[in-house]
Enquirer: 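Pasting in a structure now, in structure tokens, and then I'll have a few things to ask.
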Amino acid sequence: MTRHTRVAIIGSGPAGLTAAIYTARANLNPIVIEGEISSTSDQPGGQLMLTTEIENFPGFINGIDGPELMSNFRAQAERFGAEFHTAKVTRVDASNRPFAIWTSDQGDGDASYLADAIIVATGARSIMLGVDREIELIGHGVSTCATCDGFFFRGQEIAVVGGGDSAMEEATFLTKFATKVHIIHRRSELRASKIMQDRARANPKISFSWNSRVVELIGGDALEGVVLEDTVTGERSKLGVTGLFVAIGHEPNTAVFEGMLDMDSAKYIVTHDGTRTSVEGIFACGDVQDHIYRQAITAAGSGCMAALDTERWLESVHAG
Amino acid sequence: MIVLRDTSFDEALLTNDLLLVDFWAEWCGPCKMIAPILEEIGKEKAGILEIGKLDVDDNMNTARRFEVMSIPTLILFKKGEPVLRLVGARSKSALMREIETYL
């Protein structure tokens, strides 16, 4: 059965949940389509569900766990009347208002919701390496979740691929278990923030493989090593590791909006005048429209902006 | 729902025709998300399917024996033999789709 709602929020990371808190407090009774449970960042709560301690979210002097922070956000939104639907959005029809939204638990028949306004907060997900057998070896040495799997690599030698903050965080975290953590990076310098770099460089268990990319995974039922290619000389070498954690960057979750909302060349949604998209009545916030800052606090900030923009737009449409 | 340990694991395999073992730990976020789903499935399929919880922190031998390297991992045992292995959290409907053929 199709339900009408004033505001549908798609996504439930810091951006979506902040938009939910604000629109709920404005009595707009938002429905948050929060996603489906998974072990990737594409899940209710988003990327923070796979992190451990967050040290830089203002207000938490001693830090807070990612999942705990997201569960607080959600409870706060619920307290003001936001409603949650655990499903993924499979299709949006923005050709008419109200907009029609289909969800993964309803099939292709009637739309699940008709929404006067939509806030898109679907975030971004980790990019995989794209080498042979990578997916097959998830759970057998290849991991997308250091906090879930680090424990199993106690006493072993492992590698983290990437040069950003998340790669440094994962590598540092993983030294709690592993005897040695190799950071494999395709350039000769890191793009991680100074504090994260310093922490990784000072850790005696961490070593760096510069100008290197993973071209092959070695092993039968479980990972035994990787083949690295030097990005300058093209020379190949083997590195014996039983675990490989991939943290090479992100891509936005925008597949459902292709051809509907203006996007940049990397498929991030383009916003203008605050959080407005190319379709009137659809707003975007968080990592789905930001590949520069990508912080919990900036996502939350833009979620607040989207909520205020939506509220004002709904008022102007009703007044006019 | 039964709590499994290294010491009681083999006995549980003998006494349950169909046992779905959840390899989990307190520090694993995705494990927490599927815990209530497994509880529901356990109630709905009572008498047909038993759910067993194995905390890998305290029962590393069993986790190692079944080569668990990522959690949550769910292994379905039919008459003591592993017949299905699922790595990673998923929704209730996706989980049921996988398990259904063995019920």
Side-chain angles (χ1 to χ4, degrees), chain A residues 34-53 65-71 86-88 103-107 135-156 158 173 176-177 219-223 242-245, chain B residues 5-6 20-42 44 51 53-76 82-100:
Chain A
E34 63 177 347
E36 264 179 9
I37 292 169
S38 81
S39 278
T40 70
S41 61
D42 191 4
Q43 64 163 301
Q47 294 171 61
L48 291 188
M49 298 301 286
L50 300 183
T51 62
T52 48
E53 195 169 278
D65 275 352
E68 189 185 351
L69 181 63
M70 294 328 293
S71 119
T86 310
K88 278 179 93 153
T103 52
S104 53
D105 53 350
Q106 298 270 346
I135 303 298
E136 191 187 319
L137 285 170
I138 288 178
H140 303 279
V142 176
S143 175
T144 54
C145 178
T147 55
C148 304
D149 303 343
F151 170 80
F152 298 99
F153 296 93
R154 183 161 291 160
Q156 300 179 39
I158 60 174
F173 171 76
K176 286 207 285 187
F177 311 102
D221 292 339
L223 186 75
T242 50
L244 186 73
F245 292 79
Chain B
R5 295 182 208 293
D6 280 345
L20 181 65
V21 180
D22 173 20
F23 294 83
W24 73 288
E26 188 55 45
W27 36 261
C28 157
C31 297
K32 283 184 190 152
M33 305 202 53
I34 62 163
I37 294 176
L38 291 172
E39 205 161 305
E40 273 176 39
I41 293 176
E44 285 166 22
I51 310 274
K53 309 268 290 178
L54 185 105
D55 185 338
V56 297
D57 257 340
D58 304 327
N59 302 281
M60 199 54 198
N61 287 341
T62 306
R64 208 174 284 135
R65 177 172 152 200
F66 293 99
E67 292 169 348
V68 172
M69 290 172 78
S70 175
I71 53 172
T73 286
L74 299 172
I75 302 180
L76 183 64
V83 289
L84 175 73
R85 183 187 183 102
L86 301 169
V87 178
R90 56 202 78 201
S91 67
K92 186 179 176 188
S93 55
L95 205 54
M96 282 314 295
R97 263 199 305 279
E98 300 271 6
I99 295 172
E100 213 120 63

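Within every chain, numbering begins at 1; the chains are lettered A, B, ... in the order of the sequence lines, protein sequences first and strands thereafter.
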Enquirer: Begin from the C-alpha positions of A:Phe151 and B:Met60 and carry the test side-chain contact (heavy atoms from CB on, under 4.5 Å) through to its verdict.
Expert: CA-CA 10 Å; A:Phe151 170 80; B:Met60 199 54 198; 3.5 Å; yes
Enquirer: Can you tell me which of B:Gly88, B:Ala63, B:Ala89 forms the most heavy-atom pairs within a distance under 4.5 Å of chain A?
Expert: B:Ala89
Enquirer: Of all residues at least two apart in sequence or in a different chain, which pass the ring pair (Phe, Tyr, Trp, His ring centres under 6.0 Å) check with A:Phe153?
Expert: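 A:Phe245.
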Enquirer: Could you please show the donor-acceptor pairs under 3.5 angstrom between chain B and chain A, with distances rounded to 0.1 Å?
Expert:
| from | atom 1 | to | atom 2 | distance (Å) |
| --- | --- | --- | --- | --- |
| B:Ser70 | OG | A:Asp149 | OD1 | 3.0 |
| B:Ser70 | OG | A:Asp149 | OD2 | 3.2 |
| B:Ile71 | N | A:Asp149 | OD1 | 3.3 |
| B:Ala89 | N | A:Ser39 | OG | 2.7 |

Enquirer: With respect to chain B, which residue among A:Cys148, A:Gly45, A:Pro44, A:Ala87 yields the maximal number of heavy-atom pairs within a distance under 4.5 Å?
Expert: A:Cys148
Enquirer: Between B:Ile71 and A:Phe152, does a side-chain contact (heavy atoms from CB on, under 4.5 Å) hold up when you go through it step by step?
Expert: CA-CA 9 Å; B:Ile71 53 172; A:Phe152 298 99; 3.4 Å; yes
